[in-house]
Amino acid sequence: MRRPSRRGFIRSLCASVPVFSFDQLIAGQGLGVQFVNVAREAGLRAKTIFGSENRNKYLLETTGCGAAFFDYDNDGWLDIFLVNGTRFESNWPPGRAPVSRLYKNNRDGTFTDITVKAGIGRTGWGQGVCAGDIDNDGFEELFCTYWGDCSLWHNDGKGHFTDIAARCGVTTNPGNGQARYNTGCAFFDYDRDGNLDLFVANYIDFDPKTAPLPESGPCLYKGLLVACGPPGLKGGRNILFHNNGDGTFTDVSVKAGITNTQGTYGLGVLVSDFDNDGWPDIYVADDSTSSILYRNNHDGSFTDVGIESGVAFSPDGKPQAGMGVSAADYDCDGWIDIVKTNFAGDTSSLYHNQGKLFFEDRTFQAGLGRNTRFLGWGVTFLDFDNDGWPDILVNNGHVYPEVADTSIESGYRERKVLYHNLGNGRFADVSADGGPGILERVPGRGCAIGDFNNDGSLDVLVNCVNDVPQLLRCDSKLNNHWILVKTIGVKSNRSGIGAKIYCTSAGADGAPHRQLDEVRSGSSYISQSDLRVHFGLGKATAADIEVHWPSGAVDRLSNVKADQVVVIKEGTAPAAG
């Protein structure tokens, strides 16, 4: 996770970094929005266990777990799933081993732990999570990645889940006696046949019997002995599973060209139609090597075009320690852009989509080059103030617990960074005014966004390492309007994953303001956000909605009233919820 210094390059760019006006720099003053951690009051009190707390022997103990907002029972209220891990040195008493947890939304700001009742608890080295309706029965399944065999939790629609990974053929067991280190995942329909396929990123080939120890390396970070890797360790191979439409999946990784890439050490996974050709592409944030952009060739195969597209390396051509990744059309030009988190001593990366699968790194020009002391994991675009411009939230926490009692970077527990979109291609750091939930220091890893209380403001779910989770409720006094769009596919997959949604409303200047987003599985750092698509409308009280389905069908709705959840079924009129 360590990489060459960019100090000289950063200095050379200083002259090109835009000089913000005083008003822009204090854009956080009077923000009108506060993020407040309500996890304990909401009932999220179980600690996530992941490796030793003070010193790690292995790299496996550092990566942490993902989180998910999803509506498992289709009652219109987001429920919560938190992946959990374990420890090498612990012999858990009966009934005390850590398990991943499912919480039901009580619709009053609280949640009930239904893990045992739902049958979804499992102990192991849990990593990431993604959601999608794999059998098109109207209920979302969860895929949970592990070091070792993964779990595919089938939702029976009656509040119970069954692990069908082995039966479906998505166990990820390579059959050579070595367990895969699976990380980020995403459901998507890469061949547009109406059935959700599955992509799984892999980090390293890890075996504790042969893995180097800090002392044997020796492996040092700023003079401290720390867990070794990933440089020097064999990288994992990403996996693509094709949904056969009969309840089984086939590993088509080699046939589809997924293994034909120099990039490895995969973590965050992002699926999006980056070139607006109607076919989903795949971006993988890789650690310490070139990141990957798999272009969909429309014939069941993919080609890694990350280097020529400009999203594989830093602006000076060096590999970065990529962790989390998110997508949005942040400047509302009709093309999906990318933000990626990296290691401490580096900045996050902002890639502006120029079209035709070419991206320009605008990290410094956009104002994201100011922060280099944080180590970013989960990251998400979110319009926290509902002004119609996607903002950015970065979830941080150092990778090495050994730095906790030192002055290295920002320590082990770190605060978040909140960037406000100024609507002109630039962002202002408004973290200091974003509320106590932003400033609280935690060892953060995965994070997801979603409106858990259906008030129109996007909330944040954070999974931490060896700590309790955070549930950051977004409290807004701005009275801006919003729309949430829930998609139901008919010819397309039932979840509507991959649907491209345009929202056009009156902008602040009275001119049409056209936003774009997609229904997306996975992304951030190994996490799952709300499958409903959120649009802030500012002061506009209505909007026109246009849905481009994976099947090629298009639904258009005019003058949709603001401040509601709109359910759009492919080929039919919407119903308000």
### Task
Please test Lys416 against Gln470 for side chain to side chain contact (heavy atoms under 4.5 Å, CB included), starting from the C-alpha separation and ending with a verdict.
CA-CA 12 Å; Lys416 294 166 183 59; Gln470 290 182 303; 2.5 Å; yes
### Query
Going through the checks in order, is the salt bridge (charged side-chain N to carboxylate O under 4.0 Å, His left out) test met by Arg370 and Asp429?
CA-CA 9 Å; Arg370 298 176 177 274; Asp429 184 345; over 6 Å; no
### Task
Applying side chain to side chain contact (heavy atoms under 4.5 Å, CB included), run through Ile568 and Lys486 and close with a yes or a no.
CA-CA 6 Å; Ile568 302 179; Lys486 176 179 171 61; over 6 Å; no
### Task
May I have the step-by-step check of side chain to side chain contact (heavy atoms under 4.5 Å, CB included) for Ser529 and Ile449, ending in yes or no?
CA-CA 5 Å; Ser529 293; Ile449 59 167; 3.5 Å; yes
### Task
Start with the C-alpha gap between Glu140 and Ser495, add the side-chain angles, then the distance that decides, and say whether side-chain hydrogen bond (donor to acceptor under 3.5 Å, both in side chains) holds.
CA-CA 8 Å; Glu140 310 294 339; Ser495 301; 2.8 Å; yes
### side chain to side chain contact (heavy atoms under 4.5 Å, CB included) between His154 and Asp137, worked out
CA-CA 11 Å; His154 180 261; Asp137 67 350; 4.1 Å; yes
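Between Cys464 atom SG and Arg441 atom CZ the span is 14.0 Å, to the nearest 0.5 Å. With rounding to the nearest 0.5 angstrom, the CD atom of Glu440 is 7.5 Å from the CZ atom of Arg413. One finds the CG atom of Asp391 at 10.5 Å from the OG1 atom of Thr380 (value rounded to the nearest 0.5 Å). For the atom pair CD1 of Ile282 and CG of Asn296, the computed distance is 7.5 Å after rounding to the nearest 0.5 Å. In this structure, the separation between CD1 on Ile80 and OH on Tyr103 is 8.5 Å, given to the nearest 0.5 Å. To the nearest 0.5 Å, atoms CZ (Phe111) and CG (Asp79) are separated by 7.0 Å.
Asp275 places no side-chain N or O within donor-acceptor distance of the main-chain N or O of Leu357, the cut-off being under 3.5 Å. Counting only distance, with no hydrogens or angles, the side chain of Asn74 and the backbone of Gly138 share a donor-acceptor pair below 3.5 Å. Although no hydrogens or angles enter the test, the distance criterion places a donor-acceptor pair under 3.5 Å between the side chain of Thr341 and the main chain of Gly324. Of the possible donor and acceptor atoms, none in the side chain of Asn493 sits under 3.5 Å from a partner among the backbone N and O of Pro550. Listed for the Thr112 side chain is no donor-acceptor partner under 3.5 Å among the backbone atoms of Lys104. Side-chain atoms of Ser521 come within 3.5 Å of backbone atoms of Ala131 as a donor-acceptor pair (strictly under, hydrogens ignored). Listed for the Asp475 side chain is no donor-acceptor partner under 3.5 Å among the backbone atoms of Gln34. Between the side chain of Glu141 and the backbone N or O of Ile134 there is at least one donor-acceptor pair closer than 3.5 Å. Side-chain N or O atoms of Ser524 include one that pairs as donor or acceptor with a backbone N or O of Cys447 at under 3.5 Å. In terms of modelled atom types and a separation under 3.5 Å, the side chain of Asn453 and the main chain of Gly109 share no donor-acceptor contact.
Across all non-hydrogen atoms, the minimal contact from Gly268 to Val325 is C-CG1, 3.9 Å. Taking each heavy atom of Ala46 and Arg101 in turn, the nearest pair found is CB-NE, 3.2 Å. Contact between Val271 and Ala186 at its shortest, heavy atoms only, is CG2-CB, 3.8 Å. Minimum interatomic distance between Gly132 and Phe187 (heavy atoms only, all atoms of both residues): N-CD1, 3.6 Å. The two residues Val311 and Ser291 come nearest to each other via the heavy atoms O-CB, 3.7 Å. In terms of heavy atoms, Gly434 sits closest to Leu31 at CA-CD2, 4.1 Å.
Judged as a ring-ring contact (aromatic ring centres under 6.0 Å, His included), and not counting sequence neighbours, Phe381 has no contacts.
You'll find the side chain of Ile392 stays beyond 4.5 Å of the side chain of Ser326, heavy atoms only. Taking the side chain as every heavy atom from C-beta outward, Val460 and Asn395 never approach each other to under 4.5 Å. Side-chain contact between Pro280 and Asp273 is absent, with no heavy-atom pair separated by less than 4.5 Å. Inter-residue side-chain proximity for Phe274 and Ile338 is flagged as met; some heavy-atom pair is nearer than 4.5 Å. Taking 4.5 Å as the limit, some side-chain heavy atom of Ile501 sits within range of a side-chain heavy atom of Thr487. Residues Cys130 and Leu198 are in side-chain contact: their nearest non-hydrogen atoms beyond the backbone lie under 4.5 Å apart. For the pair Lys340/Tyr283, a side-chain contact is recorded, criterion being any heavy-atom separation below 4.5 Å from C-beta on. Phe199 is listed as a side-chain neighbour of Val284, based on a closest heavy-atom distance under 4.5 Å.
Residues Phe302 and Tyr190 place their aromatic rings such that the two centres sit under 6.0 Å apart.
Tyr351 and Phe359 have perpendicular rings, their planes meeting at more than 60° on a 0 to 90° scale where under 30° would count as parallel. Between Phe35 and Phe384, the ring planes are perpendicular. Angles over 60° get that label, and only those under 30° would be called parallel. Ring pair Phe161/Tyr72 is tilted by interplanar angle, where 30° to 60° counts as tilted. Classified by interplanar angle (parallel below 30°, tilted 30° to 60°, perpendicular above 60°), the ring pair Trp389/His513 is tilted.
Contact check on Asp337 versus Arg362 returns no salt bridge, with no Lys/Arg side-chain nitrogen under 4.0 Å from an Asp/Glu carboxylate oxygen. Note on Asp530 versus Arg532: salt bridge recorded, some NZ/NE/NH1/NH2 to OD/OE distance being below 4.0 Å.
Remark: the Ser492 side chain and the Asp189 side chain contain no N/O donor-acceptor pair separated by less than 3.5 Å. Side-chain atoms of Trp482 and Asp563 include a donor-acceptor pair closer than 3.5 Å. If you check the side chains of Asp451 and His534, you find no donor sitting under 3.5 Å from an acceptor. The closest side-chain donor-acceptor pair between Asn480 and Lys539 falls under 3.5 angstrom. Side chain to side chain, Glu518 and Ser272 meet the donor-acceptor criterion of an N or O pair below 3.5 Å. Under the 3.5 Å distance criterion, with hydrogens and angles disregarded, a donor-acceptor pair is assigned to the side chains of Arg295 and Asn297.
Between Leu102 and the choices Asp113, Ile114, Leu82, the side chain to side chain contact (heavy atoms under 4.5 Å, CB included) rule is met once, by Ile114.
Taking the ring centre of Phe374 as origin, the terminal cationic atom of Arg415 falls outside the region bounded by 6.0 Å and 45° from the ring axis.
Annotation for Arg40: atom CZ does not count as buried by contact number, only 12 or fewer foreign heavy atoms lying within 6.0 Å.
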